[in-house]
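The analysis underlying the following values was restricted to heavy atoms, covering all of them including side chains, and did not include hydrogens, waters or symmetry mates. A quick note: this is a predicted structure, and the numbers were derived from the prediction, not measured.
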Amino acid sequence: QYATTGRRAERAEMKLEKQFKDQKKWVDGQHKWMEAKRERCNHLLALFEEELNVDEKREIELLNLKGKQFAKRNRELVKERSEAADKCMRIMIEYNFVPGV
């Protein structure tokens, strides 16, 4: 049982090598999965930052408007914000960041 040579030891070594190979495959798969998730997170972060910048510009634009122009542009901005939110949600669903959807 404690022999370091012979068939039993050879089989034990082969079994151990197989386990190491299997573990390496698992670790490599986890690494690829985490890299892909990191890329998706970075993309989503960039999208959020872009949308926040655009929304800030919308708010500044509204400050310069009055009366009917303000009301009209405000309605348009509400629609634009809604479309931006839908875009973000679609991407989050596509990336499986929203559980249960």
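Note that CZ of Arg11 and CE of Met14 are 9.5 Å apart. Values are rounded to the nearest 0.5 Å. To the nearest 0.5 Å, atom CD of residue Glu59 and atom CG of residue Asn74 are 8.0 Å apart.
In this structure the side chain of Lys57 never reaches within 4.5 angstrom of the side chain of Ile60, judged on heavy atoms. Between Glu76 and Lys79, the closest side-chain pair of non-hydrogen atoms is not below 4.5 Å.
Annotation: side chain to side chain donor-acceptor pair (under 3.5 Å) contacts of Asp22 (sequence neighbours excluded): Lys18.
Taking the charged nitrogens against the carboxylate oxygens, Glu10 and Arg7 have no contact shorter than 4.0 Å, which rules out a salt bridge. In summary, Glu83 and Arg90 do not engage in a salt bridge, as defined by a charged side-chain N under 4.0 Å from a carboxylate O. Comment: Arg38 engages Glu35 in a salt bridge, judged by a side-chain N to carboxylate O separation of less than 4.0 angstrom. One finds no salt bridge joining Asp28 and Lys25 here, because no Lys/Arg side-chain nitrogen approaches an Asp/Glu carboxylate oxygen to under 4.0 Å.
Linking Ile, Leu, Val, Met, Phe, Trp and Tyr whenever their side-chain heavy atoms come within less than 4.5 Å leaves Leu52 and Val54 in two separate clusters.
Annotation for Leu47 and Cys88: closest pair CD2-SG, 3.8 Å, computed over non-hydrogen atoms.
For residues 37-59, the pairs satisfying ring-ring contact (aromatic ring centres under 6.0 Å, His included) are His43-Tyr95, with sequence neighbours left out.
Clustering of Ile, Leu, Val, Met, Phe, Trp and Tyr by side-chain heavy atoms under 4.5 Å joins Leu62 with Leu65, Phe70, Leu77.
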